[in-house]
Amino acid sequence: MSGGGFAGLTAATALAQRGWSVRLHERSPELRTEGAGIVLWNNSLQVIDAIKAGPDLMSRSMTPPAYETRMNNVIQSQETLDGIRWRTLTRPHLFQTLLVAAREAGVEVVAGSEVVGASPDGTIRFANGDSAEADLIIGADGVGSAVRDSLDIPLKRERSRDGITRFLVPRRKAELQALEPDTEWDNVIDFWNLDPRVLRVLYTPANDEELYIALMSPAADADGSRVPIDLDLWTSVFPQLAPVLEDAAKTPGRYYGYQTTRLDHWTEGKVALIGDAAHAMCPALAQGAGCAMQNAWTLAVAATEADDIPAALIDWERLERPYTDIAQDRSQWYADTREMAKGNQFQGDSVVTATYNPTDPHRHEVH
Ligand code: FAD
Ligand code: 3HM
């Protein structure tokens, strides 16, 4: 396994729980995550349950009463998402949850170990010159995947015009309530402003103490995309968020331009790619990690049941990829068109992946 992010940890855990002997190589000297908050939907929550990490995840996460969308501070919709399972949480909490599950399952984690490539015959190569043989090699090494690049798989990378800077800050609910008493500050609130200037704050409570805020602007807007953030600019547009924007301005931050990567194929021989290595997507539908975990799980199940691993991997991609493709396509469309600003966005094609249950053994049967 190359990469100890959400994809790699999930696949490693699911395989180890099925009796595989799993070694996970992580380039960084320590296993940890960068970043702020995250939203998970039924597809990944089912996987969390299946690897028996549900109680841990639930202990520090929440389901907000609604996903609210505002345009110029006028409410467009308050989607209660009835019947759809979703949770908001911090990335460090998801990471710790998965790391504990991996360790309990007996995954051997090797930190400070950089993978430089893999071959379809089952050879993995390391930066220190070593190599090893395996029945299955998984490239879960993120958007810059060395495993993927070593296989020369044709890929298409598209960049969108907007991007985002993410922060984890204290909730400050009482202060926010004082500024805007009629607001339900436990909601996710997607504050859009398109006119006269494109600036958006996605406000996502992650638990009782921590708040995830994401500040979006076009990459071409030098002040909007500046880090540390331009506090005067952001508070002038979003005065009701001043207390939490002040906290955000104290951290350096990193502006992330939206991008999408599509590969011609995800597997070659005994090598499979999952997560951002295979299908990096725009975050509009909050499905990047969700798809990573869903594919990690289904890959582990398919490989365990296989008589012939290369053939099983091809089958796995054929059956599972449509659920990722639709999330990727919709997220890119939302990012490119900014149509999310209209509200009522979690319907139809936009929730096909969110409501998928990858752990249902009968999921591909036609009814
Ligand atoms: P990564 O997290 O990138 O992990 C890859 C790991 O591999 C890293 O630990 C890295 O150090 C390691 N590595 C890299 N190269 C090597 C190498 N050569 N050898 C060994 N190790 C290596 N998704 C959601 O589901 N919900 C959300 O709400 C959400 N919000 C998002 C918001 C933003 C702004 C962005 C940018 C993304 C968001 N995502 C969200 C997407 C999600 O963050 C990613 O899809 C997910 O983290 C991908 O996980 P991964 O394990 O594939 O890759
Ligand atoms: C959860 C979430 N949703 C949407 C975006 C986005 O459109 O940038 C980012 C997110 O973290």
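Each residue takes its place number in the sequence, starting with 1. Just so you know, these numbers come straight off a predicted model, no measurement behind them. One-based numbering, in listed order, for ligands and for the atoms of each.
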Residues in contact with ligand 1, criterion: heavy atom under 4.0 Å | S2, G3, G4, G5, F6, A7, H25, E26, R27, S28, I38, V39, R91, S113, E114, V115, A140, D141, G142, A146, I164, R166, Y212, Y256, G275, D276, P283, A286, Q287, G288, A289, G290
Going by an N to O cut-off under 4.0 Å, is there a salt bridge joining R262 and D329?
-> yes
Pairing of R60 and E209 as salt bridge, 4.0 angstrom limit = yes
With hydrogens left out, which residues have an atom under 4.0 Å from ligand 2, given that only heavy atoms count?
-> V39, I164, R200, L202, Y212, Y258, P283, A284, A286
Check for me whether [X] meets the cation-pi criterion with [Y], that is, NZ or CZ under 6.0 Å from the six-membered ring centre and within 45 degrees of the ring axis.
X    : Y    : answer
R166 : Y256 : yes
R18  : W297 : yes
R321 : Y323 : no

Give a yes or no on whether the ring-centroid distance for Y356 and W41 is below 6.0 angstrom.
-> no
In terms of side-chain heavy atoms, does N187 have a donor or acceptor partner in E68 at a distance below 3.5 Å?
-> yes
Co-members of the apolar cluster containing V110 [side chain, <4.5 Å] = none
Residues 211-221 side chain polar contacts: donor-acceptor under 3.5 Å, at least two apart:
{"from": "S217", "atom 1": "OG", "to": "G224", "atom 2": "O", "distance (Å)": "3.2"}
{"from": "S217", "atom 1": "OG", "to": "S225", "atom 2": "N", "distance (Å)": "3.3"}
{"from": "D221", "atom 1": "OD1", "to": "R197", "atom 2": "NH2", "distance (Å)": "2.9"}
{"from": "D221", "atom 1": "OD1", "to": "D223", "atom 2": "N", "distance (Å)": "3.2"}
{"from": "D221", "atom 1": "OD1", "to": "G224", "atom 2": "N", "distance (Å)": "2.8"}
{"from": "D221", "atom 1": "OD2", "to": "R197", "atom 2": "NE", "distance (Å)": "3.0"}
{"from": "D221", "atom 1": "OD2", "to": "R197", "atom 2": "NH2", "distance (Å)": "3.1"}

